[in-house]
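What follows is a short report on a single structure.
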2 protein chains.
Amino acid sequence: MKGATRPDRRHRRHEATRREILDAAWSIAREEGLTALSMRHLARAVGMEAQSLYTYFPSKHAIYDAMFADGNAHLLGLQSSLELDADPVVALHQAAHQFVEFCTSDPTRYQLLFQRTVPGFEPSSESYALARKVLDFASERLAAAGVADQTALDLYTALVSGLLNQQMSNEPGGDRWIRHLDRALDMYLRETTTDRHEPT
Amino acid sequence: MKGATRPDRRHRRHEATRREILDAAWSIAREEGLTALSMRHLARAVGMEAQSLYTYFPSKHAIYDAMFADGNAHLLGLQSSLELDADPVVALHQAAHQFVEFCTSDPTRYQLLFQRTVPGFEPSSESYALARKVLDFASERLAAAGVADQTALDLYTALVSGLLNQQMSNEPGGDRWIRHLDRALDMYLRETTTDRHEPT
DNA sequence: GTCTATATTTGGATAGAC
DNA sequence: GTCTATCCAAATATAGAC
């Protein structure tokens with residue numbers, strides 16, 4: 001007789017609970033802030049004792065790390081599935097808008113992924129690799145639009161993140177800064193690309 | 001006989017001790033991070049018991065607030081005493097460089113003044129008024145250079161803070177982003193001002 | 001896998017003697 | 001103004017029974 005649960009079944013169950021905990025963590029962080037997330041609080045939300053969480057995550061930082069990976073994976077999925085215009089300049093605007101939408105739609109996630117506000121947290125190298133891929137995506141969009149060098153890429157990230165930071169810090173939910181995104185992109189492209197048409 | 005200390009003398013002594021505590025707080029925050037600052041830790045640094053600090057500051061937040069005011073007052077002093085070039089465009093570059101230097105020279109201060117990273121802290125209205133004056137300064141420099149409207153001012157703060165944020169977050173101490181400050185300013189001015197010379 | 005019990009640390013803040 | 005003595009709350013994490 002096979003009294004024991006099959007290993008893969010147990011594994012699936014384990015993963016499902018992990019997912020459940022992670023979702024609850026996002027929920028708490030969104031409602032009360034990233035730093036307000038605690039093991040006790042999280043445990044209560046999923047109907048467990050705090051100590052039982054250690055079966056699924058070795059530490060609180062591991063939970064932050066899983067959230068970090070989670071958010072980046074989500075963004076990568078969005079970026080991959082976005083239908084880009086044939087015109088690389090239009091495509092760059094599209095991609096930038098998608099990124100801004102992703103960030104503004106969830107300030108907590110933005111804080112975890114792009115600001116360094118959680119006290120002792122640093123992403124693991126595995127999670128950080130995902131963040132790198134996100135940046136590579138932007139790099140490709142820029143190259144397609146005629147911007148190739150590293151310095152111009154740095155200026156781009158500064159410009160977009162500058163608008164986002166101001167928006168999220170001073171007027172979350174509004175558009176006082178991010179509504180200048182298109183203007184900022186045009187300004188940026190005028191600076192960093194050499195127009196080959198209109199030679200006169 | 002006048003056995004009691006004169007009130008103003010007592011007041012001066014009180015202020016001196018306050019100053020001493022504040023300096024120690026900056027020192028600790030710089031060495032171990034803003035969030036690592038605790039009453040016990042701070043008290044040990046000045047040779048007191050933690051409880052005695054409450055004679056000088058009613059709460060921990062009051063200490064953060066005093067630090068916030070401190071930093072902004074310092075910046076205002078620097079801005080006021082800077083000799084600006086007669087050419088408003090050159091003057092804008094000067095002022096921007098001074099600001100960037102102020103920020104990069106003390107990451108902890110930058111974090112307290114311009115990022116919102118301390119968990120529950122929000123500056124009092126008195127302290128915030130100082131921060132407003134700092135922004136007014138930038139506003140005047142921009143107006144002198146021919147940038148008057150609010151949207152352009154928002155774009156300016158996004159641009160400068162964007163470079164700073166990237167620099168402080170990803171490579172503190174380096175210049176990978178801030179070395180593009182002049183280029184970014186020129187790009188910005190080209191976008192936001194109408195050149196009256198070269199009408200052809 | 002989940003629980004109870006507990007260790008351990010750390011924090012902010014108050015009361016009252018001196 | 002400074003101290004001792006506490007209070008109170010909250011956090012992460014481990015040990016071991018079931």
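Just so we're clear, the structure is a prediction, and the values are computed from it rather than from any experiment. Heavy atoms only: backbone and side chains are in, while hydrogens, waters and symmetry mates are out. Letters A, B, ... are given to chains in the order of the sequence lines, protein chains preceding strands, and every chain is numbered from 1.
- Between A:S52 and C:dC3, a side-chain N or O to OP1/OP2 separation shorter than 4.0 Å is present.
- As rounded to whole Å, 10 Å separates atom P of D:dA11 from atom CD of A:E32.
- For A:Q111 (side chain) and A:L34 (main-chain N/O), no donor-acceptor pair under 3.5 Å exists by modelled atom type.
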Stepwise salt bridge (charged side-chain N to carboxylate O under 4.0 Å, His left out) check, B:R190 with B:D186: CA-CA 6 Å; B:R190 215 176 305 130; B:D186 289 336; 5.5 Å; no

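- Side-chain contact check for B:S124 and B:S127: at least one donor-acceptor pair (N or O, by modelled atom type) lies under 3.5 Å.
- At the heavy-atom level, A:F57 lies nowhere under 4.0 Å from the strands shown.
- Projected onto DNA chain D by closest heavy-atom contact, B:R13 and B:Q51 fall at different nucleotides, the more 5' of which corresponds to B:R13.
- The interatomic distance linking A:H61 (NE2) with D:dA11 (C1') rounds to 13 Å, in whole Å.
- The CZ-C1' distance, from B:R40 to D:dC8, rounds to 11 Å in whole Å.
- Phosphate contact (OP1/OP2 of D:dA11, side-chain N/O of A:S38, threshold under 4.0 Å): present.
- Among the nucleotides C:dT2, D:dT2, D:dA13, the one closest to any side-chain atom of A:K60 is D:dA13.
- Atom P of nucleotide C:dG12 and atom CD1 of B:I63 are separated by 9 Å, given to the nearest angstrom.
- One interatomic measurement links the two molecules: CZ of B:R44 to P of D:dT2, which rounds to 18 Å at whole-angstrom precision.
- Aromatic ring centres of A:F137 and A:F99: separated by at least 6.0 Å.
- Atom CD in A:E49 sits about 14 Å away from atom P in D:dA11, given to the nearest Å.
- Across all strands, A:S59 comes closer than 4.0 Å only to sugar-phosphate atoms, never to a base (heavy-atom distances).
- Judged by distance alone, with hydrogens and angles left aside, the side-chain atoms of B:K133 form no donor-acceptor pair with the main-chain N or O of B:N72 at under 3.5 Å.
- The distance between atom NE2 of A:H14 and atom C1' of C:dG1, rounded to the nearest whole Å, is 10 Å.
- For the pair B:R10 CZ and D:dG1 C1', the interatomic distance rounds to 10 Å; values are reported in whole Å.
- Within the 4.0 angstrom heavy-atom criterion, base atoms lie near A:Y54.
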